[in-house]
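The first residue of the sequence shown is numbered 1, and numbering continues consecutively from there.
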Amino acid sequence: MTGRGRTGRKTTREIAILAQSRSCSKDREKRSPPHGAKAKSDSEQRFSNPRCASGNAHTAKSKKKCSPASGAAEFNTCGSTTPNSNGDVKPKNQREPTQISSTPGCKDIAKTKKTGSPASGTVGSKLRAPPPEKSRGALIPEPKFDKKNTNCLDGPASPVEKKTVKFPAKNYASANKGLLSTLDKLKIKMTAKSDSSIVINDIVHTIIKHMKEKSEYFRAVEKVHTGSYYENVKISEPDEFDVMLAIRVDRVKLQQFDLEGAFYSVALKRTPRDDPLRCFLQEDDNIISASNMLNEFREHVKKAVQSFPGVEVERKKAGCPAVTLLINHKGMEIGLDIVLSLEVHSSWPEFTKGGFEIDSWLGTKVKQKFKLNPFYLVPKYTGKGNKERGGVSAKDAWRISFSHVEKDILKNHGQAKTCCEAAGRRCCRKPCLKLLKYLLHQLKQKHPTKLSKFFSYLCKTTLLHACATRARDSDWEMDNLSDCFQQLLEDFEGHLRRANLPNFFIPTQNLLGTTTDKRSCEFLADCIESERNNSFPIFSE
């Protein structure tokens, strides 16, 4: 045979070695593809490498790989064996698909390259249950195994349900219902209100008529309605009324009497001869004597009500500047406080700056409108043993009052002009005030000695501060009566425990500083806290 023919013909062994070398070269290219090249899909790998598609697997003992120098080895990474001495390549028997091998086959390596995740290390990784996904803040449940089937590849027999603990919602409807029933109990009957108002108006009209006709000093008095009855926050019975009889004064000089800015001495800048107040002035400085003026006023009130049967003038009480009338009407005793006052037409005192913060509640324009109104001064009667300051006795000082502003605010208390009107939505500002006043009243009935110095004006001041802080109408919706009342009680408790409740108009004055002590404030706060935590059993008494 010629050399040319021998050279062009290859033996069976050479053909097998050449095929095996090409297969290993292709495997190396697949395991390390060039930069930017995309790995082939599973179907492309099957057609390009038939040996890999066969699915043969290595045993744990066969760890040798193809050498790039020789191009052949005893075992290669594709799972093929070296050719026999006769040149025939005989593959090993294929294992069952469910069996596990410790060395990955070509198909598994290619899939690992494609997904970019680390190789699972087993041919049967496709048959394993995937690891559970992690979720933020949740614990991963351990897989449950069936006692009859201990194969670790089997997943849980049933999915694990995530249990969430649901806390019971607060029964707001029940709490609101209890408070609403208390409010219904506090409503004043229209017939009783009408009867009481007729009697009160008749007495007040008689007193004013007597002052104008038979008094030399109080002819210019005018009626000013103040108090809870005219603010529509009266509770239970129409048995208490407050009426202010004011005398207008112009061009006065106010001198601060106390450190808090609530009490003043009043001096007239001009004293005409026909001024009816000349007889109450001190000789040196034209300061109006509040005690002398109040005594004269009291005598005229006594004379005016002499013709009314069942009307009695109560004795003077320390700290009370009013002339109190006790009226027996149809088996009910009605208290009427007649208060003498000076109506001052001038700018508000300096100590009111920093107070009366209603800008975010009722608006700056409303605030400026109120400040254009006059303010009132009522006598400060504190009984015997009064000290003097600047030549003025404490009984001749006057207390500043903004009761007329308080009445107007409580009548128009919402940000919306239609709040609590027929065309608007109802809020719970006034109902909360009524409940707080009733709670204080019941506690005073239960502890008359310890709580005798606490008055309902503290409740109104607490509400005004709360309305200025929680200014929106949505903060006082009637559906949230229970929450709003609880919040108001917390405000009141805080003031009591600090023993500090600033006057809403004069922030430098502490309403709890002079008349009450720290121990009494703590006692009242403890009583309120106990009632609040036990759903107000005192309301049922």
Side-chain angles (χ1 to χ4, degrees), residues 179 227-228 231 233 235 258-263 319 351-362 399-403 405-406 409-410 413 428-472 475-476 480-534 536 538-539:
L179 295 179
S228 59
E231 295 168 349
V233 291
I235 58 175
D258 66 332
L259 298 177
E260 295 181 339
F263 301 94
F351 274 83
T352 59
K353 292 184 179 180
F356 194 44
E357 295 294 332
I358 64 171
D359 301 77
S360 59
W361 173 21
L362 302 177
R399 176 177 60 85
I400 191 169
S401 172
F402 295 97
S403 57
V405 180
E406 295 168 357
I409 287 177
L410 290 177
H413 52 263
C428 63
R429 292 180 177 93
K430 284 187 177 180
C432 285
L433 178 56
K434 290 181 179 180
L435 291 171
L436 181 55
K437 290 177 61 177
Y438 182 60
L439 177 61
L440 179 60
H441 176 268
Q442 292 292 93
L443 291 175
K444 288 181 66 175
Q445 293 289 329
K446 193 173 183 179
H447 309 282
T449 304
K450 294 183 178 180
L451 303 179
S452 60
K453 295 183 179 180
F454 294 93
F455 300 97
S456 61
Y457 186 73
L458 303 176
C459 302
K460 181 164 64 172
T461 302
T462 302
L463 177 72
L464 293 176
H465 283 296
C467 291
T469 303
R470 300 182 289 277
R472 298 176 299 179
D475 296 329
W476 300 89
N480 299 329
L481 173 63
S482 176
D483 285 346
C484 295
F485 183 51
Q486 290 280 354
Q487 183 62 55
L488 185 62
L489 288 179
E490 290 179 7
D491 296 341
F492 193 35
E493 285 179 33
H495 292 303
L496 291 171
R497 298 199 185 279
R498 294 188 299 270
N500 183 21
L501 178 57
N503 188 312
F504 187 67
F505 299 89
I506 307 173
T508 54
Q509 183 193 15
N510 180 15
L511 298 179
L512 296 174
T514 56
T515 59
T516 58
D517 57 90
K518 180 70 175 179
R519 183 178 297 179
S520 300
C521 292
E522 286 285 351
F523 179 77
L524 178 57
D526 292 339
C527 292
I528 294 176
E529 184 179 6
S530 176
E531 292 292 330
R532 184 164 57 87
N533 294 334
N534 294 280
F536 309 103
I538 201 169
F539 285 167

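Using a 4.0 Å cut-off between charged side-chain N and carboxylate O, K450 and D517 make no salt bridge.
Contacts of K444 classified as salt bridge (charged side-chain N to carboxylate O under 4.0 Å, His left out), with partners at least two apart in sequence or in another chain: none.
For the atom pair E522 CD and E493 CD, the distance stands at 10.5 Å (nearest 0.5 Å). Within the model, atoms CG of D491 and NE2 of H495 stand 6.0 Å from one another, a figure rounded to the nearest 0.5 Å. Rounded to the nearest 0.5 Å, atoms SG (C459) and NZ (K437) are 7.5 Å apart. To the nearest 0.5 Å, the span separating CG on L443 from CZ on F454 amounts to 10.5 Å. Atom CG of L464 and atom CD of E406 lie 6.0 Å apart (nearest 0.5 Å). With values rounded to the nearest 0.5 angstrom, F455 atom CZ is found 13.0 Å from T461 atom OG1.
Residues F492 and L458 form a side-chain contact, since some pair of their non-hydrogen atoms from C-beta on lies under 4.5 Å apart.
For H447 (side chain) and L524 (main-chain N/O), no donor-acceptor pair under 3.5 Å exists by modelled atom type. In this structure a side-chain-to-backbone donor-acceptor pair under 3.5 Å is present from N510 to L501. In this structure a side-chain-to-backbone donor-acceptor pair under 3.5 Å is missing from H441 to Y438. The main-chain N or O of L410 is found under 3.5 Å from a side-chain atom of K430 such that the two form a donor-acceptor pair. E531 places no side-chain N or O within 3.5 Å of a backbone atom of L439 that could act as its donor or acceptor partner. The main-chain N or O of I538 is never found under 3.5 Å from a side-chain atom of K446 such that the two would form a donor-acceptor pair.
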Practice task
Apply the test ring-ring contact (aromatic ring centres under 6.0 Å, His included) to residues F485 and F536: give CA-CA distance (whole Å), side-chain angles for both, the deciding distance (0.1 Å), then the verdict.
Solution key: CA-CA 12 Å; F485 183 51; F536 309 103; 5.3 Å; yes
Handout entry: Test side-chain contact (heavy atoms from CB on, under 4.5 Å) applied to R497 and E529, step by step
Key = CA-CA 11 Å; R497 298 199 185 279; E529 184 179 6; 2.8 Å; yes
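Relative orientation of the F505 and F356 rings is parallel, given thresholds of 30° and 60° on the angle between their planes.
Atom NZ of K518 sits in a crowded spot, with more than 12 heavy atoms from other residues, nucleotides or ligands closer than 6.0 Å. Around atom CZ of R498, more than 12 heavy atoms belonging to other residues, nucleotides or ligands sit under 6.0 Å away.
The two residues T516 and C521 come nearest to each other via the heavy atoms OG1-SG, 3.7 Å. When all heavy atoms of H413 and W361 are compared, the pair lying nearest together is O-NE1, 2.8 Å. The shortest heavy-atom contact between A466 and L488 is CB-CD1, 3.9 Å. Between F539 and L435 the shortest heavy-atom distance is CZ-O, 4.0 Å. Heavy-atom minimum distance, C428 versus L481: CB-CD1, 3.8 Å. Across all non-hydrogen atoms, the minimal contact from N534 to S530 is ND2-O, 2.6 Å.
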